[in-house]
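The next block holds one structure in the form of structure tokens; read it before the comments.
Atoms within a ligand are numbered from 1 in the order they appear, just like the ligands themselves. All values below were derived from every heavy atom in this structure, side-chain atoms included, with hydrogens, water molecules and symmetry-related copies excluded.
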Amino acid sequence: MSTSGPGDADIELFAERYRDLLAAMPDAIVVVNETGSIVLFNDEAERLFGMPAARVLGQSVEALVPSPLREAHQAHRGRYAAAPQRRSMGAHRALHGLHADGHRFPVEVSLSPLRIGTRSFTISAIRDVSERMRHQQALEAAQAAAERASAAKTQFLSRMSHELRTPLNAVLGFTQLMQLDDRHPLPAPQREQVHHVERAGRHLLAMINDLLDVSRIESGALSVSLEPLDVGEVAAEALAMTSTQAREFGVLLLPAAGDTTLHAHADRVRLRQVLINLLSNAVKYNHRGGRVELAIRAEGRDEVAVAVADTGIGMNEQQLAQLFQPFNRVGAERGPVEGTGIGLVIARRLAEMMGGRLEVASHSGVGSVFTLTLRAAAAVHAPARAERGEPVAAGTADAASLDVLYVEDNTINVEIIAAALRLRPAWRLRHAASGAEAIAQVQRARPDLLLVDMHLGDMTGLEMVASLERHPALAGITRVAISADALPRKVRQALDAGFERYLTKPLDVKALLRCLDDVAARVRPVA
Ligand code: ADP
């Protein structure tokens with residue numbers, strides 16, 4: 001370390017006094033005088049800039065600054081001298097130092113004024129931040145790559161969901177229609193066969209949904225939105241949706257017991273999904289004449305438990321130890337009951353995502369109790385059921401005429417909807433094969449209801465509706481979305497864009513009719 005020669009005796013004294021400290025400093029210390037000449041250059045400065053002190057002392061400090069910063073540096077220095085104060089300039093300001101070999105390196109600089117008698121100096125502490133910047137850049141690159149991968153995975157899932165559901169829509173749509181068409185009833189043996197096709201299709205659909213859920217949970221793409229929910233109400237929905245299966249299996253499904261007024265923090269759709277899974281298992285792994293009971297109770301002051309108990313085949317210790325493992329059906333794969341062995345894995349993960357847990361107690365040959373425990377919530381005033389988009393009982397609105405425009409580019413789907421709407425003879429169905437054609441048709445005659453496929457050839461359903469909304473004469477038509485894309489984000493987007501309902505393919509024909517009856521009753525109430 002050196003100081004400049006004669007003339008800067010004050011600095012010489014300073015350097016002498018702090019010799020050891022300046023030598024041990026991890027930062028490069030450079031002191032300049034009032035004219036910007038370097039008067040002190042410590043050991044670390046020599047190393048950092050690759051120059052011996054003897055070469056830089058007395059030179060202008062700009063010698064250490066690379067172009068193009070050098071040009072502006074003198075002005076900066078002047079401004080600093082006019083109002084000197086302690087100041088830090090972070091690495092983000094793209095500050096660079098210049099090494100003797102010509103390469104530039106990013107630095108972080110702290111400036112402090114130094115007054116000795118009547119003299120004013122400036123001390124700069126300079127630190128090389130190349131390493132830190134490299135880490136930061138690597139981190140940012142890794143983060144960007146992870147975000148890209150996650151986006152690609154989400155897109156892949158969305159496509160998978162769409163691609164797999166579209167053919168299933170044809171299978172399930174036509175089998176349901178064949179069974180529902182009273183004017184052309186199927187002969188008994190074929191009725192039975194078609195029923196098998198439909199059941200197999202539904203099983204395939206359930207597997208697709210489960211697989212998508214598993215991968216969405218794993219990739220973090222699945223999120224839950226928690227709200228205080230009336231547990232009894234959601235349980236009643238799940239019981240209603242399992243009742244047909246219970247009848248088929250000859251199992252008695254009892255109405256919800258316990259305190260059905262309790263509320264818990266949960267995601268409505270996911271809570272229903274978990275309960276349906278537990279109820280469906282309790283029915284499937286049971287005997288003819290067996291019973292299933294769902295009971296709701298408070299667990300202390302903070303929790304609500306929903307227990308699904310059955311008098312079914314039960315499980316032994318060994319089976320229980322393997323439960324909740326993906327694709328492990330703990331022996332049921334050898335039995336007659338259809339399944340995939342991932343329902344409970346999903347149910348437990350969903351319970352955890354809702355801040356709860358799922359536990360089981362079981363005895364072989366006696367039965368099982370699955371208990372879902374959730375965080376208790378205070379009761380809230382909930383809107384009436386119909387307002388929340390849940391199909392209610394079958395309506396009779398077909399007596400009113402209704403002009404429906406179906407916007408869809410897939411002809412199979414058009415046939416399915418056309419056949420389904422023949423069950424509502426008073427309604428008129430028009431069809432548009434593209435977004436542009438739909439807009440033209442609406443301009444010619446405004447329909448009562450738009451049924452919109454979300455993936456049209458020329459635009460998305462959202463874009464088509466947005467362009468209708470831009471014209472006052474075409475805006476505000478009641479609309480229902482039909483899409484093979486069941487990702488919750490897509491559903492939310494459509495509901496936010498003013499769609500009344502979002503039906504997913506494969507269509508449940510009865511649910512479609514219920515939904516349309518409901519919408520029709522409001523659009524064209526029967527006098
Ligand atoms: P799946 O029913 O599709 O096989 P689950 O993940 O829902 O898959 O269940 C995993 C396994 O746990 C089932 O295959 C069955 O062997 C067993 N199981 C689940 N629920 C019950 C129950 N209530 N009674 C007896 N066994 C059950």
Nearest to atom 25 (C) of ligand 1, what protein heavy atom do you find, and at what distance? Y285 CB, 3.5 Å
Just say parallel, tilted or perpendicular for the rings of H431 and Y406, cut-offs at 30° and 60°. tilted
Where on N286 is there a heavy atom closer than 4.0 Å to ligand 1, on the side chain, on the backbone, on both, or on neither? neither
Tell me the contacting part of L278 for ligand 1: side chain, backbone, both, or neither, using a 4.0 Å heavy-atom threshold, strictly below. neither
Per-atom contacts, ligand 1 versus L323 - under 4.0 Å to a heavy atom: 12 (O)
Looking at ligand 1, is there an atom of it that comes within less than 4.0 Å of some heavy atom belonging to E333? no
What atoms of ligand 1 come within less than 4.0 Å of a heavy atom belonging to A332? 14 (O), 16 (O)
Check this for me, if you would: do D213 and R349 make a salt bridge, where the nitrogen-to-carboxylate-oxygen distance has to be below 4.0 angstrom? no
Do L229 and L374 touch side chain to side chain, with heavy atoms closer than 4.5 Å? no
Decide side chain to side chain contact (heavy atoms under 4.5 Å, CB included) for V214 and F327; before the verdict, give the C-alpha distance in whole Å, the side-chain angles of both, and the deciding distance to 0.1 Å. CA-CA 11 Å; V214 166; F327 307 104; 5.7 Å; no
Atom 17 (C) of ligand 1 has as its nearest protein heavy atom V330 CG2, 3.8 Å
Atom 5 (P) of ligand 1: nearest protein contact (heavy atom, Å): L344 N, 3.7 Å
Going by the atom numbers of ligand 1, which of them fall below 4.0 Å from some non-hydrogen atom of G339? 1 (P), 3 (O), 4 (O)
Of the side chain and backbone of E338, name the one, both, or neither that has a heavy atom under 4.0 Å from an atom of ligand 1. neither
Can you list the atoms of ligand 1 that are under 4.0 Å from a heavy atom of F370? 20 (N), 21 (C), 22 (C), 23 (N)
Distance under 4.0 Å to a non-hydrogen atom of G343: what atoms of ligand 1 satisfy this? 5 (P), 6 (O), 7 (O)
Flag the pair E408 and K505 as a salt bridge only when some basic side-chain nitrogen lies within less than 4.0 angstrom of an acidic carboxylate oxygen. yes
Among all protein heavy atoms, pick the one closest to atom 19 (C) of ligand 1 and tell me residue, atom and distance. N281 ND2, 3.5 Å
Proximal ligand 1 atoms for S368, defined as those under 4.0 Å from one of its heavy atoms: 22 (C), 24 (N), 25 (C)
Is the shortest side-chain N to carboxylate O distance from R430 to E437 below 4.0 Å? no
Main chain of M207, side chain of T340: is a donor-acceptor contact present, judged purely on distance under 3.5 Å? no
With rounding to the nearest 0.5 angstrom, report the CG to NZ distance, L462 to K490. 8.5 Å
In Å and rounded to the nearest 0.5 Å, what is the CD to CD1 distance from E163 to I208? 11.5 Å
Within 6.0 Å of CZ in R291, more than 12 heavy atoms from elsewhere: no
Nearest neighbour in protein (non-hydrogen) for atom 23 (N) of ligand 1: D310 OD2, 2.9 Å
At under 4.0 Å between heavy atoms, what of M315 touches ligand 1? The answer is side chain
G341: numbered ligand 1 atoms lying under 4.0 Å from its heavy atoms: 1 (P), 3 (O), 4 (O), 6 (O), 8 (O)
Closest protein heavy atom (residue, atom, distance) for atom 16 (O) of ligand 1: R329 O, 2.8 Å
Subset of ligand 1 atoms that lie under 4.0 Å from at least one heavy atom of T340: 1 (P), 3 (O), 4 (O)
Can you find a heavy atom in the side chain of V404 that is under 4.5 Å from one in the side chain of P447? no
Are R270 and Q273 close enough that a side-chain donor and a side-chain acceptor fall under 3.5 Å? yes
